Amino acid sequence: HACLAFELMLGEQQHANFMADLKEADYATVRKTMISVILATDMKVHFDMVSQLQALAGKATNPEDEKSFDFVQRVLVHAADLSNPV
């Protein structure tokens, strides 16, 4: 899925490249995030994510903490994927 997304954006359909004007560092961040959340939809990581989420339950987290923010992004996309069975 990640490969296809980048092929579509960077291929002949330049109007589909919403990242064309990003700085190199920003492009790298968006690319890393896209790949990370796509990989989070794999069911082989489901129980690890649930365990990590349970460990965080009731604990204060810092939204400025990049690791926590990345985890929340992955959990949200994973949950969205679960709610849309194919």
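Predicted, not measured: the structure shown is a model, and the values here were computed from it.
The CZ atom of Arg74 sits 9.5 Å away from atom CG of Leu39, with the distance rounded to the nearest 0.5 Å. Rounded to the nearest 0.5 angstrom, Asn17 CG and Tyr27 OH are separated by 7.0 Å. One finds the CE atom of Met43 at 8.5 Å from the CG atom of Asp81 (value rounded to the nearest 0.5 Å). Atom OG of Ser51 is separated from atom CG of Leu56 by 11.0 Å, given to the nearest 0.5 angstrom. Note: Asp48 CG to Leu53 CG = 12.5 Å, rounded to the nearest 0.5 Å. Here the OG1 atom belonging to Thr33 is positioned 8.0 Å from the CZ atom belonging to Phe69, to the nearest 0.5 angstrom.
Aromatic ring orientation, His46 versus His78: tilted (interplanar angle from 30° to 60°).
A distance-only check finds a donor-acceptor pair linking the side chain of Thr29 to the backbone of Ala25 [under 3.5 Å]. Remark: the backbone N or O of Val45 is not paired with any side-chain donor or acceptor of Asp42 at under 3.5 angstrom. Counting only distance, with no hydrogens or angles, the side chain of Ser36 and the backbone of Lys32 share no donor-acceptor pair below 3.5 Å.
Hydrophobic clustering of Ile, Leu, Val, Met, Phe, Trp and Tyr side chains at less than 4.5 Å, counting indirect connections, keeps Val30 apart from Val77.
The heavy-atom pair separating Met49 from Phe71 by the smallest distance is O-CZ, 3.7 Å.
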Q: Report the C-alpha distance between Phe6 and Met19 in whole Å, list the side-chain angles of each, state the deciding distance to 0.1 Å, and finish with yes or no for side-chain contact (heavy atoms from CB on, under 4.5 Å).
A: CA-CA 10 Å; Phe6 286 99; Met19 299 192 308; 3.6 Å; yes
